[in-house]
Amino acid sequence: MATSKLQALWNHPAGPKTIHFWAPTFKWGISIANIADFAKPPEKLSYPQQIAVTCTGVIWSRYSTVIKPKNWNLFSVNVAMAGTGIYQLSRKIRHDYFPDTEADVAKE
């Protein structure tokens, strides 16, 4: 049973023998780097970079559900990119435009 599932994955049109598998797999590095940046102070975050990560995630998430064969690895990595980008943008916006709320939280 496990052998047949592995063989099905291996022979899938978006399986490990194709670029459709490896490109999204390596793209996880961007999401992991963005998660590592959660520890970075918000003033060091870049609007253009986070907007690019967010837009890429949103656009390619949609695209990955339309193409044939459906590429769920591509979909999941782009959802992660959109999510981490939105979170980083919210941190940057809160820091730049709502500094009082951050000071109030630090006092508590």
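Note that this is a predicted model, so its numbers are computed, not measured.
Both Trp60 and Ile67 belong to a single network of hydrophobic side chains, linked directly or stepwise wherever heavy atoms of I, L, V, M, F, W or Y lie under 4.5 Å apart.
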Decide side-chain contact (heavy atoms from CB on, under 4.5 Å) for Phe98 and Ile93; before the verdict, give the C-alpha distance in whole Å, the side-chain angles of both, and the deciding distance to 0.1 Å. CA-CA 7 Å; Phe98 305 103; Ile93 290 168; 4.2 Å; yes

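For Tyr47, the OH atom counts as densely surrounded, since its 6.0 Å shell holds more than 12 non-hydrogen atoms of other residues, nucleotides or ligands. No more than 12 heavy-atom neighbours from other residues, nucleotides or ligands sit within 6.0 angstrom of CZ on Phe26.
Within the 4.5 Å cutoff, the side chain of Thr65 has heavy atoms near those of the Arg62 side chain.
The distance from atom CG of Leu45 to atom CD of Gln88, rounded to the nearest 0.5 Å, is 5.0 Å. Interatomic distance, Thr54 OG1 to Ile59 CD1, rounded to the nearest 0.5 Å: 10.5 Å.
Remark: Lys40 pairs with Asp37 by the salt bridge (charged side-chain N to carboxylate O under 4.0 Å, His left out) rule, at least two apart or across chains.
Listed for the Trp22 side chain is a donor-acceptor partner under 3.5 Å among the backbone atoms of Pro16. Within the 3.5 Å criterion, the main-chain N or O of Phe38 finds a donor-acceptor partner in the side chain of Arg91.
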Donor-acceptor pairs under 3.5 Å, side chain of residues 76-87 to any protein atom, not counting sequence neighbours: which ones?
from	atom 1	to	atom 2	distance (Å)
Ser76	OG	Trp72	O	3.1
Ser76	OG	Asn73	O	3.0
Asn78	OD1	Lys27	NZ	2.9
Asn78	ND2	Leu74	O	2.8
Thr84	OG1	Asn34	ND2	3.1
Thr84	OG1	Ala80	O	3.1
Thr84	OG1	Met81	O	3.2

